Visitor: 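Sharing a structure, written as C-alpha cells. Questions coming.
Letters go in sequence order (proteins before strands), and every chain restarts at 1. Quick caveat: nothing in here was measured; it's all calculated off a predicted structure.
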Amino acid sequence: MSSKTQRRYWLMKSEPNVYSFDDLLSEPDGRTPWDSIRNYQARNFMRDDMRIGDLVLFYHSNAKPPGVAGLAVVASEPYPDPTQFDPNHKYHDPKSTPDQPRWILVDVAPFDRLPRFVSLDELKSNPKLAEMQVCQRGSRLSIQPVKPEEWREVLKMAGYLGPALT
DNA sequence: GCCAACGTTGGC
DNA sequence: GCCAACGTTGGC
C-alpha cells in the first residue's frame with residue numbers, strides 16, 4: 001500500500017560567514033527557510049524534486065577550507081520565498097508577485113552532526129567521488145543532487161555511523 | 001584579490 | 001534568437 005517514494009539526497013551550499021551549519025543548529029524554530037536562491041536550476045530542485053525527509057549535505061562554500069559541515073533534512077513542502085516580495089531585501093524581485101511568485105524554497109532543519117568535517121580537497125582526492133558534481137571544475141550550482149552511493153561514501157569519510165545511513 | 005566558469009541581460 | 005557585455009560564484 002505504498003506509493004513508494006525513494007528518499008533523495010542533496011548538497012546545499014552556504015557561505016559559513018553568512019549562514020553556517022552551527023547557525024542552523026541554533027535556530028530557535030529548529031529550521032530555516034532556504035531563502036534568497038535566485039538560480040532557476042536550484043529553484044527547480046526545491047520546487048519539483050525535493051520531498052520532506054530528503055537528506056542534505058550542508059556544504060560550506062567560500063570557506064577555508066570549503067567542505068561538508070553537517071547533515072540536514074528537507075523540512076517543508078515548497079512555498080514562495082518571502083524575500084522576493086520585500087522591496088528592502090537584497091534579493092527583492094520586482095517582477096515577482098504573490099499571484100505569480102518566481103522563487104520557491106523549502107525549509108531545512110538540522111539532521112545530525114558529523115564526527116568530522118570533510119573538506120573539498122578530501123572529496124576530490126577520493127576516486128569513488130570523481131563524478132560527484134561538487135568535485136567538478138566550475139561547479140557553481142548551490143543545490144545539487146547527490147547519488148546514494150556518493151552519500152554513503154561521504155558519510156564514511158566523515159566517520160559517521162548514525163541514522164542518516166539507513 | 002584573482003580569475004575561470006558560467007548564468008543573465010539586452011541590443012539588434 | 002544570437003551573442004557580447006556584464007555580473008556572480010567560489011576555488012585558489
Side-chain angles (χ1 to χ4, degrees), chain A residues 8-27 32-50 54-74 78-108 110-111 113-147 149-160:
Chain A
R8 297 181 190 185
Y9 301 100
W10 304 93
L11 178 146
M12 297 173 90
K13 298 182 185 175
S14 186
E15 304 190 19
N17 62 333
V18 177
Y19 192 87
S20 69
F21 185 64
D22 278 344
D23 291 330
L24 182 62
L25 288 172
S26 38
E27 284 289 350
T32 194
W34 204 256
D35 63 20
S36 303
I37 301 297
R38 295 295 182 267
N39 171 283
Y40 288 105
Q41 241 184 306
R43 177 205 66 182
N44 292 348
F45 282 139
M46 290 196 284
R47 187 190 61 189
D48 305 333
D49 299 319
M50 284 186 172
D54 282 2
L55 294 179
V56 175
L57 299 173
F58 194 109
Y59 179 90
H60 282 175
S61 61
N62 254 325
K64 294 178 185 177
V68 177
L71 302 181
V73 59
V74 174
Y79 64 96
D81 180 343
T83 66
Q84 70 194 305
F85 307 125
D86 176 358
N88 298 317
H89 195 275
K90 181 180 177 189
Y91 294 106
H92 174 237
D93 185 343
K95 294 179 184 163
S96 202
T97 66
D99 279 352
Q100 302 250 309
R102 182 184 302 208
W103 304 110
I104 304 296
L105 55 66
V106 297
D107 288 351
V108 170
F111 186 81
R113 297 172 190 271
L114 289 176
R116 53 181 292 277
F117 179 87
V118 183
S119 72
L120 178 60
D121 263 0
E122 295 174 78
L123 297 176
K124 283 183 167 174
S125 58
N126 184 339
K128 291 179 182 167
L129 300 179
E131 306 298 317
M132 194 174 178
Q133 197 167 342
V134 76
C135 294
Q136 308 310 307
R137 182 174 169 78
S139 170
R140 299 193 309 164
L141 192 59
S142 66
I143 298 179
Q144 307 177 354
V146 172
K147 299 191 183 93
E149 57 270 27
E150 294 168 341
W151 176 265
R152 287 192 300 271
E153 187 64 19
V154 174
L155 296 201
K156 185 177 167 189
M157 293 172 78
Y160 180 85

Visitor: Which residues pass the ring pair (Phe, Tyr, Trp, His ring centres under 6.0 Å) test with A/F85, sequence neighbours left out?
Guide: none

Visitor: With sequence neighbours excluded, tell me which residues meet side-chain contact (heavy atoms from CB on, under 4.5 Å) with A/H92.
Guide: A/P87, A/P94

Visitor: Look at all strands and tell whether A/K124 reaches a base, only sugar-phosphate, or nothing, counting heavy atoms closer than 4.0 Å.
Guide: sugar-phosphate

Visitor: Can you sort out the partners of A/Y160 under ring pair (Phe, Tyr, Trp, His ring centres under 6.0 Å), two or more places apart, ordered by chain and number?
Guide: none

Visitor: Quickly work out the A/Y91 OH to B/dG7 P distance and round it to whole Å.
Guide: 17 Å

Visitor: Show me the protein contacts with nucleotides 8-11 of chain B, counting only N or O atoms at under 3.5 Å.
Guide:
none

Visitor: Which residues pass the salt bridge (Lys or Arg N to Asp or Glu O under 4.0 Å) test with A/D93, sequence neighbours left out?
Guide: A/R102

Visitor: For A/Q136, check side chain to side chain donor-acceptor pair (under 3.5 Å) against everything at least two apart and list the hits.
Guide: none

Visitor: Could you pull out all residues at least two apart from A/D54 that satisfy salt bridge (Lys or Arg N to Asp or Glu O under 4.0 Å)?
Guide: none

Visitor: Work out which heavy atom in A/M157 is nearest to a heavy atom in A/L123; give both atom names and the distance.
Guide: CE-N, 4.0 Å

Visitor: Once side-chain contact (heavy atoms from CB on, under 4.5 Å) is applied, do any residues pair with A/Q133, and if so which ones, sequence neighbours excluded?
Guide: A/S139, A/L141, A/Q144, A/P145

Visitor: For residues 114-124 of chain A, which residue pairs pass the side-chain hydrogen bond (donor to acceptor under 3.5 Å, both in side chains) check, not counting sequence neighbours?
Guide: A/R116-A/E122, A/S119-A/E122

Visitor: Tell me the interatomic distance from A/N44, atom CG, to B/dG7, atom C1', rounded to whole angstroms.
Guide: 14 Å

Visitor: Please enumerate all protein N or O atoms sitting under 3.5 Å from an N or O of nucleotides 1-3 of chain B, with distances to 0.1 Å.
Guide:
none

Visitor: What side-chain donor-acceptor pairs closer than 3.5 Å can you find for residues 55-64 of chain A, not counting sequence neighbours?
Guide:
{"unit_1": "A/H60", "atom_1": "NE2", "unit_2": "A/F21", "atom_2": "N", "d": "3.1"}
{"unit_1": "A/N62", "atom_1": "ND2", "unit_2": "A/E15", "atom_2": "OE2", "d": "3.2"}

Visitor: Which residues in residues 135-144 of chain A have at least one heavy atom lying under 4.0 Å from any atom of DNA chain B?
Guide: A/R137, A/G138, A/R140

